[in-house]
Structure formats: C-alpha cells, structure tokens
Amino acid sequence: MIKAKYIDSEIVINSFKDREITYAFHDIDGTHSLIREWPPVMSICLYDVIVNGINEEFDSIENQKRLIDLAGSKPLPETDRFCIESAGLSALTQMEWAIRRAVEEGTITINCNMENNSAIIKRIWAGEEYYDDLPDTDEMKAMLSDKTPRLFKLYEAVLNGYCRDKNLEIAKKDPDKFLVGGSMEFMKMLSDNGVKNYFVTGAVVEKGMGMHEEVEALGFKIGEGELVEDIIGSTWTEKMPKDMVMKKMMRELGLKGENILVVGDGRAEISAGVEMGALCISRLPKEATYQRKLHHELGSNIIVEDYLGDELKDVFFTE
C-alpha cells in the first residue's frame with residue numbers, strides 16, 4: 001500500500017489531503033517519453049492550414065517534405081501558443097481547430113454558420129472537445145469528416161520525418177536518452193506497492209506500432225500485471241478525449257478520485273484529474289514558465305522537472 005502526504009515544499013503548489021493511491025493515470029509524451037518533439041511539428045502543420053487552406057494535394061509526399069523542412073524554423077505565435085495550451089487534447093480536436101480557423105480566415109471557403117464556428121474555435125482553445133449545442137451545416141460536417149483525419153495523418157507523417165523515427169532507433173539502443181529522469185523508477189515504485197499504472201494518450205495506439213512501439217522501446221512492459229496495465233489512446237477517426245477516458249475508467253473500476261494519481265504535462269489530463277479529485281503531478285521543465293503558471297491555476301498539486309528529487313520521494317510512503 002502506498003500513501004501520499006502533504007509536505008511543505010517548493011514542488012507542492014496546491015495543498016492536498018493525505019490519501020492512499022491505488023491507481024495512476026499517466027500521460028506519455030513530455031511526461032515520461034521525450035521521443036516525440038511534437039510542438040514545432042504540430043505548430044507548422046496547423047499554421048500552414050490556417051494560412052494556405054487545404055487543397056486536394058495538401059497531404060502529398062511533397063507537402064510532407066516541405067513541412068518537415070519548415071518545422072521549428074521560425075516562431076509562429078498563435079499556433080505555438082495553441083500547442084502549449086491544447087496539450088493533452090485529442091489530436092483530432094487540434095486538427096479540427098486549425099481547419100475551423102482557416103474557415104474563419106477565409107482560406108477555406110465553405111457554407112457554414114460562421115458564428116458557431118468562431119464559438120467552437122474559442123471553446124477548443126479553452127479545452128473543450130464536444131460542442132453539440134453549436135450545430136454545423138452538412139457541408140461543414142462532411143468537410144471536417146474528410147479533412148480532419150487526413151490532416152492528422154499528415155501531422156504524424158511530418159512528425160515521423162522530423163524526429164520520431166530517428167529518435168526511436170536511438171531509444172531502442174539507449175532508452176535513457178529519451179526517458180524523463182527517474183521516470184521508470186517512479187513508476188516501478190508505484191507498481192511495486194500495488195498501484196496499477198495506465199498510460200492515456202491522445203496519439204493513435206496500435207499494438208507494435210506508433211506510441212505502443214515507442215513505450216516498449218523505452219522499456220515499459222504493457223499488459224495485465226505488468227508495469228503498465230494498458231495503454232489507451234485515440235484512433236484516426238474518433239476522438240478519445242482524455243477527460244472522458246479517465247472518468248470512464250474511474251467509473252468502471254469503481255474508484256474514488258482521491259485514490260487516483262494523475263501524472264501529465266498537458267492541460268487536458270490535469271484539468272480532468274483536478275475535477276475527479278485526484279492527486280495531480282505536472283511534469284514540466286523549469287524553463288516552461290507559462291505552462292507552470294497555467295498548471296498552478298488549473299489546480300495541479302505538484303510540479304516537478306523530473307522524478308529524481310528527494311522531495312517527490314518524501315510525498316509518498318508505504319505501510
């Protein structure tokens with residue numbers, strides 16, 4: 001059995017009551033794995049759609065190569081910030097935001113309710129992924145149904161070419177290079193003391209491929225009774241918002257929020273964890289001052305740069 005106790009420490013930013021931890025829901029990218037340097041890739045993909053719109057060749061091999069070359073080459077204020085604030089949302093939602101912004105800017109022309117479209121843009125930025133009270137026209141629905149998954153696949157292809165594939169090959173030989181410090185030891189400490197760990201991600205999860213392949217390359221064993229019980233992610237065509245996944249898991253497993261630990265670096269998982277009453281740990285670099293301020297305001301309990309510090313170890317104790 002493992003318990004978490006409140007301590008007076010720099011890493012504790014919002015107080016919490018002492019509690020027993022039985023389950024832990026972990027984000028992956030940026031929280032435990034550094035294989036995917038995704039923000040500059042997503043930023044250029046979203047920016048390009050907003051500025052240039054979408055034609056029938058937007059997801060061509062030639063366009064993939066162009067975007068790989070452009071990724072990270074210059075600041076993109078709107079989309080750079082959106083990537084920070086939307087971290088943890090389903091990738092499909094992030095892609096949808098860019099397409100809707102292109103409609104708003106007029107680089108995509110389609111029959112739609114412009115007022116509803118602008119309202120949805122604001123709500124996505126605020127962290128919402130469902131907005132059924134703001135109906136779309138049939139034309140808008142059809143366009144989003146076609147273009148959003150295609151843009152998602154384009155983004156993944158650009159990400160692979162920019163960093164993911166080469167980093168994965170290095171990680172297979174030297175996983176420590178792409179693990180956040182102390183990550184494996186922290187999760188083993190939880191597992192060895194009866195906590196069931198789950199990975200929850202906005203990326204597509206297919207066994208032996210993509211994110212599944214990455215976490216296994218880093219040394220995380222997945223399966224019932226293993227270090228990670230399961231990895232739950234998105235699909236190419238259906239949103240799997242983390243808040244809904246985590247709340248569903250809490251209901252189906254018959255858990256109380258106070259017995260859950262949520263570990264992440266994105267707004268989505270931390271917001272959901274706070275709403276559930278879970279103990280929340282944000283894993284953020286020291287230089288990420290904006291994100292740290294945001295997570296403090298969201299209600300996260302602890303912010304750490306890695307999992308190596310004695311202060312984090314002092315929060316958890318066994319009986």
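This structure is a prediction, so every number in the text was calculated from the model and none was measured. For the numbers below, each heavy atom of this structure counts, side chains included, while hydrogens, waters and symmetry mates do not.
For Phe186 and His32, the ring centers sit 6.0 Å or farther from each other. Under the 6.0 Å cut-off for aromatic ring centres, Phe220 and Phe199 qualify, their centroids lying closer than that.
With Val41 as the partner, the side chain to side chain contact (heavy atoms under 4.5 Å, CB included) test is satisfied by one option alone out of Leu46, Asn160, Leu159, Leu70: Leu159.
Using a cutoff of 4.0 Å between basic side-chain nitrogens and carboxylate oxygens, Arg164 and Asp29 are not scored as salt-bridged. At a threshold of 4.0 Å, the pair Asp27-Arg283 does not count as salt-bridged, since none of the basic side-chain nitrogens sits closer than that to a carboxylate oxygen. A salt bridge does not link Lys221 with Glu226: every distance from a Lys NZ or Arg NE/NH1/NH2 to an Asp or Glu carboxylate oxygen is 4.0 Å or more. Look at Lys65 and Asp69 and you find no salt bridge, because none of the NZ, NE, NH1 or NH2 atoms lies under 4.0 Å from a carboxylate O. Salt bridge annotation for Lys172-Glu169: present, with a cationic side-chain nitrogen under 4.0 angstrom from a carboxylate oxygen. Taking 4.0 Å as the cut-off between side-chain N and carboxylate O, Glu105 and Arg101 count as a salt-bridged pair. With respect to the salt-bridge test (charged N to carboxylate O, under 4.0 angstrom), the residues Glu56 and Lys147 qualify.
Residue Leu67 is not grouped with residue Ile61 when hydrophobic side chains (ILVMFWY) are merged at heavy-atom distances under 4.5 angstrom, including chains of intermediate members.
Under a 3.5 Å cut-off, the side chain of Glu129 and the backbone N or O of Leu89 do not form any donor-acceptor pair. In this structure, Ser9 contributes its side chain and Ile11 its backbone to a donor-acceptor pair below 3.5 Å.
By the 30° and 60° cut-offs, the orientation of the rings of Phe152 relative to Tyr155 is parallel.
In this model, no donor atom of one side chain and acceptor atom of the other lie less than 3.5 Å apart for Asn259 and Thr22. Between the side chains of Asn167 and Glu37, at least one donor N or O sits under 3.5 Å from an acceptor N or O. Side chains of Glu85 and Tyr290: a donor on one and an acceptor on the other come within 3.5 Å. Counting only N and O atoms by type, the side chains of Glu96 and Thr148 include no donor and acceptor under 3.5 Å apart.
Taking Glu20 as the reference, nothing meets the side chain to side chain donor-acceptor pair (under 3.5 Å) condition, with sequence neighbours excluded.
Atom CD of Glu224 sits in a sparse spot, with 12 or fewer heavy atoms from other residues, nucleotides or ligands closer than 6.0 Å.
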(request) Quick one: do Arg66 and Asp48 satisfy salt bridge (charged side-chain N to carboxylate O under 4.0 Å, His left out)? Show the steps, please. (result) CA-CA 11 Å; Arg66 181 180 68 88; Asp48 196 63; 2.7 Å; yes
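At least one cation-pi condition fails for Lys3 and Phe316: the charged atom is not both under 6.0 angstrom from the six-membered ring centre and inside a 45 degree cone around its axis.
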